[in-house]
Every structure is written in structure tokens, then in C-alpha cells.
Protein chains: 2
Amino acid sequence: MSTEKKEKDFLNSYSISKYEKPSIATDIAIFSILEEVEENYRKLPQKKLNLLLIRRGGYPYKDMWALPGGFLEPTETVEEAAARELKEETNVSEAHLEQMHVFSDLGRDPRGWILSTSFIALIDGQKADVKSSDDAAEATWFQVSFKLAKAEKEYNEDKIIVKSLYKLYLKHQDMELMAEIEERKEISNYHEQISYQILKSEGLAFDHGKIIAYALQYLRQHIENAHMAFDLLPEYFTLTDLQQVYEIILDKELLVANFRRKIAGRVIETNKNQEGAGHRPSKLYKRNLEVDNL
Amino acid sequence: MSTEKKEKDFLNSYSISKYEKPSIATDIAIFSILEEVEENYRKLPQKKLNLLLIRRGGYPYKDMWALPGGFLEPTETVEEAAARELKEETNVSEAHLEQMHVFSDLGRDPRGWILSTSFIALIDGQKADVKSSDDAAEATWFQVSFKLAKAEKEYNEDKIIVKSLYKLYLKHQDMELMAEIEERKEISNYHEQISYQILKSEGLAFDHGKIIAYALQYLRQHIENAHMAFDLLPEYFTLTDLQQVYEIILDKELLVANFRRKIAGRVIETNKNQEGAGHRPSKLYKRNLEVDNL
DNA sequence: ACAAAAGTGTTAAACTTACACCCATGC
DNA sequence: GCATGGGTGTAAGTTTAACACTTTTGT
């Protein structure tokens, strides 16, 4: 009997269904930058980092807020599932959409054995068309605040443990969700590992506080490398817009002259101008697609 | 009826089994640095990047080589599953072990709907105790060669497409496995995406050529940031050892004086010396666990 | 003695950081 | 006119890159 024949026979008789299997969900942290209205005609509107959450219509965690997501269908990849969810919730089909992490803690979902392959999506807030989806769930942008509240370092023999307590606040009008997440880094001679634990969670469903914390750390660590900042902006933008995106995500002020020198090679000046503001009009730029390393 | 009661009732009546579910495999790219014997007593032994592969004992892909891996059990997280596999194959329980990517292409496994959550593991080659595991599969270190063979750039309106063809060779004695993988980067104003495709594959099971290519790119991109290089070395090492790890992974020569200045803060000098070589003995160093950013 | 690697010093160029200053607009 | 943001220049400090040179060992 040929090898091909044997393999075929094996596959025909193989039944994968005898093993217990988990369900796979994809959850997406969809971020955008939105502007608050500014009453002073001179001042620029304040930009804020926002995250899209959906109020759960059913059990479990009924009426609490969760990341958009859903179960993986047998006809699609996790990327396709994430793109489908993103499109359903925001009607945006072209966006930065990137795999982030698999969350598989036992008991993370009371419905059973469910793994989450999480994604991070960055979209231009103007382009998103957020509305209640067909299942009547409310989708809402929440302003994000994520701050280090406490840090401690423990020196053991051959090992250092760094614990950092972060407080996450998500605000929309008079609604405020909160989570306290502890990040634990363990560094030894042979390996290092990082883990997150939810200490407190108010108004957030499942382990989504943890996923959101992970996404925010991921954003901060990756905003400088790739072109992620551009994905949060429209096609044409001012250098101040771009700088503010960096400042919001890094939660840190940057010097104008230095920032401009640094990103000079990544943008292309256009002959368009931003007009109508109570100050000198600024040039509009677009991203330079041609960047050597990427 | 209280909300808690309702939630409980819901969960009791909820049956997740009605949806079709995939199996979850964890596959690990286990890397180590091994030395080739050197006949010239003066010369240092050549270090090489090695990858652990297992010959498949059964169908499908019988007798072909695959990444160590297995199915996720309902009692463990994907990290625990990966650690279990690593321990089974190498008897190493403390190592750098990190989630990499989820591969979910339809048809990636002829046995059915199987997703792979892939990991990357870095171990000190000396510590690994590789032997045929209980299921009598052969586990073997393969020397890795991964080179860019062709690159092309396509300029469209509002979009740039960069295609890079990589050739992967895996050698052990007179065995040679090969794969050609195309990396495709698409960069537009609104998003950028990167995908890999297997063009040719000889001797490698499943889509593992793709996973290996992904792992090697991941290694190259991350070796500078974190302390990954140290995880490939024993506790005490010479600065030349460390430099060679960088050189092997980046596939690029570095200047000695400059390298030493760059990593000066990350290592601690010990009073131990490497002796017995046909040249001036070198000081042994160990890693400095205390690094500001991590 | 000498091959091989260990290890250090010097310089120019590049990039980062901090700060000072002028410009243009709408009200 | 003036508040606000747009935009540029310069000098000090730091890091990188390239190269030259000295030191120490085992055989």
C-alpha cells in the first residue's frame, strides 16, 4: 500500500471529535482618538484616547461592558473573524488590525472552556460609524485613562520581582468603569516572565480589564516602532495632530522641534493648509509609505 | 428573581456544545546555540543557531519533521501546555517561553479544524537533555539557515507592496529540510498588513515552515529589546559568547569595541576566568538582572 | 615565537535634549 | 493687539561607527 493511500486511509478513519475542545472567541480592543469640543476659539480641541465597548444584552455579565467580539466560525481565520467583528461594530473595513495575545486562563468565562484570541485595532475616529448592531447591543466610545498607581521591586537571590499596580478608568458621560490590574515581572538568570492579574473590576465583563490593560501596554510599547500612530489619524493631518497621538499614547509631553525632526522622514508635506483656526494655519501632511525598515 | 439567580439559571441551561469547535494545538519553536567541534586548538568553536524538530511517527505527514507540540488539555492554559511540551522534549523547565502567534488558516491540518497557538522558546543548548520521548519519536537539533533570496517592491496608487522570498534550510548531518516562504507586506494609508505563504516545503510537516519563518523573523526583531540573548547562554559567559549570539541571530558581524560598550550596562563582571583555550583567557560575566526599562 | 582572541583608546559623525526665538492668523 | 499654536535654529550632551592598537595565553 502506498504512503499516500495509507495517509488517506488514516485521515478517513481519524476522528478528532473524541477529544474535548474549547470554543475560540476573538475579542478586539478598538482604539481611536476623539476630540472634545473646545469653547475657546483659539485653543485646539483636546484629543483623547477612546476604546469601543459594548453593553452585554444577555447573561453572563448582563448589562456590563465588554470588548466587541464573537466566536470563531469554521469557515474563517481568526484574522477574518476579527475583521468581521470590526466591520459589524464600526463599519470600518480597512484598519490596522493586529493579533495581540491568547488568553486561556481556566475559568475566564463562566460559560465554559473558552479561549480568547485578542486583537488590537486602530481606527480614525471620524471614519467609525458606531451604532447599535443588529443584536441591539449598545456600542459606545469610552475615554481611556491608564496610570501606574504603585510600583515595588523585590530582590531575591538570583531573581528580581517587579510588581506594578495600574488603575484603568473608562469614562463615557457620567458612566465610569474601573479596573485595578497588577503587572508582575519576574526576572531570573534563566528566564523572565510577565503576567497580569485583575485585582478589582467594576462594570467590565469577563477578564476584559486584563485584556484592555495588555492592549494599552502593547500600544505604548509599539507606537514608536511601526506606523501605528498614522492609523489613528485621517489621510491628511497636521504635525501637531501626529505629535498629540504620540503624547496621548505615551502619556508624556514631547518637545515640538525634536518631535518634528524625528518623524521628518516618515511624513510627506502637502500643499494643503488647515484653515479656520484662531491662529496661524498649519500645513497638512500625509504619511510616507516608503519607510526603509518596514 | 435576583440577577445572580438569573445568571446562575442561564449558565445552568447554557450549552456551549451546540457550536462547532476547533482543536487547539500548541507548537513550539525551541531554539538553542550549539557549538561545532573545532580541530584547530587555537580557534574558538563555531556557534550555530539550532532548532529542535521531531520526526512524526504517525499519519499525517508520517516520517516528516515537525515542531514539538500537542493538543491543549482542558485543565491547562496555553502557556502551561507549552511548558509541558518543552519539558517533555528537552527536560528543561526554566526557559524563555513566549507566546508568538496564532495560525488558523483553513486546511492547515488535514486532520480537521485545528488552530496552532505557537510559542518561541530559548534555551541554553548545554542544559537540554534531548532524547526520544515516550512515544518513540526522534527529537533532533537542526542547524538553521534563513536567508533573503529575492526582494521586490511594487508601487501602486496609495499602496506599496513589498514581497520578500526567504529560503529556510534545516540541516542535521546529511539530512536537509528546506522551505521557501514568501513574506508579503502591504502598506497603504489606512492600514498595513504582513502575511506569509509557503511556496515550497521539503521534509517539513503541516505549515511548520511558515511558523519557523515567523519565529526567526520574531527572533531577529526582538533580540535587541529584551534579554533574549541571555536566555540562549549559560549563567556565566564571555562577552565574545554574547556577541556571537547577537551575530548569529542578526546574521551580521559586529565590531567588538562597540558591542562591548553597548551591552556594558546589561552584564556584571565576575572574578571568574575562562581557562584552557589557546589564547588569552577571557573574563566571565553574568547578566545584570537590574535593567531600568524592563 | 606566534596565532588567536581579549581587551582598550581615539576620533568623527549622527542623533538627542533642552531651550530660545520668530511667524501668522482670527477675533 | 494679542493669545495661541506654527515653525525654526543652535548649542551641549550622548550615542554610534570605524579603526588602530596593546595584552595575554597555550603550544
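So that the names make sense, note that chain A is the first sequence line, chain B the second, and so on, each numbered from 1.
To the nearest angstrom, P of D:dT25 lies 15 Å from OH of B:Y41. If you take NZ of B:K43 and C1' of D:dT27, they are 17 Å apart, rounded to a whole angstrom. In this structure, CZ of B:R260 is placed 13 Å from P of C:dG9, rounded to the nearest angstrom. Note: CZ (B:R280) to P (D:dT25) measures 7 Å, nearest angstrom. D:dT22 atom C1' lies 17 Å from atom NE2 of B:H279, rounded to whole Å. Rounded to a whole Å, the CD atom of B:E224 is 12 Å from the C1' atom of D:dT16. The distance between atom CG of A:N273 and atom C1' of D:dG5, rounded to the nearest whole Å, is 14 Å. Here D:dT25 presents its P atom at 12 Å from NZ of B:K283, a figure rounded to the nearest Å.
Salt bridge status for B:R184 with B:E182: absent, with no side-chain N to carboxylate O gap under 4.0 Å.
Taking the six-membered ring for Trp, B:Y196 and B:Y166 have ring centres at least 6.0 Å apart.
Nucleic acid contact class of A:T238 (heavy atoms, under 4.0 Å, all strands): none. Using a 4.0 Å heavy-atom criterion, one finds that A:L239 contacts no nucleic acid atom at all. Contacts of A:L255 with the nucleic acid, taken as non-hydrogen atoms under 4.0 Å apart, include base atoms.
Applying the 4.0 Å criterion to OP1 and OP2 of D:dG6, one finds that A:T240 has a side-chain N or O inside that range. Regarding contacts with the backbone of C:dA4, a side-chain N or O of B:N40 is found under 4.0 angstrom from either OP1 or OP2.
Using a 4.5 Å cut-off on side-chain heavy atoms (C-beta onward), A:D251 and A:K147 make contact.
Ring-plane geometry between A:W65 and A:F142 is classed as perpendicular, the angle between the planes exceeding 60 degrees on a 0 to 90 degree scale with a lower cut at 30.
The side chain of A:V256 approaches D:dG7 more closely than any other nucleotide in the set D:dT4, C:dT17, D:dG7. Of the candidates D:dA18, C:dT17, C:dG7, the closest approach to any side-chain atom of B:R261 belongs to D:dA18. Across C:dA24, C:dG26, C:dG7, the shortest atom-to-atom separation from the side chain of A:R42 is found for C:dG26.
In this structure, the side chain of B:R220 engages the main chain of B:I249 through a donor-acceptor pair within 3.5 Å.
Both B:A257 and B:S282 lie close to DNA chain C; mapped to their nearest nucleotides by heavy-atom distance, the more 5′-ward contact belongs to B:S282. The 5' end of DNA chain D is approached more closely, in terms of each residue's nearest nucleotide, by A:G278 than by the other of A:G278 and A:N258.
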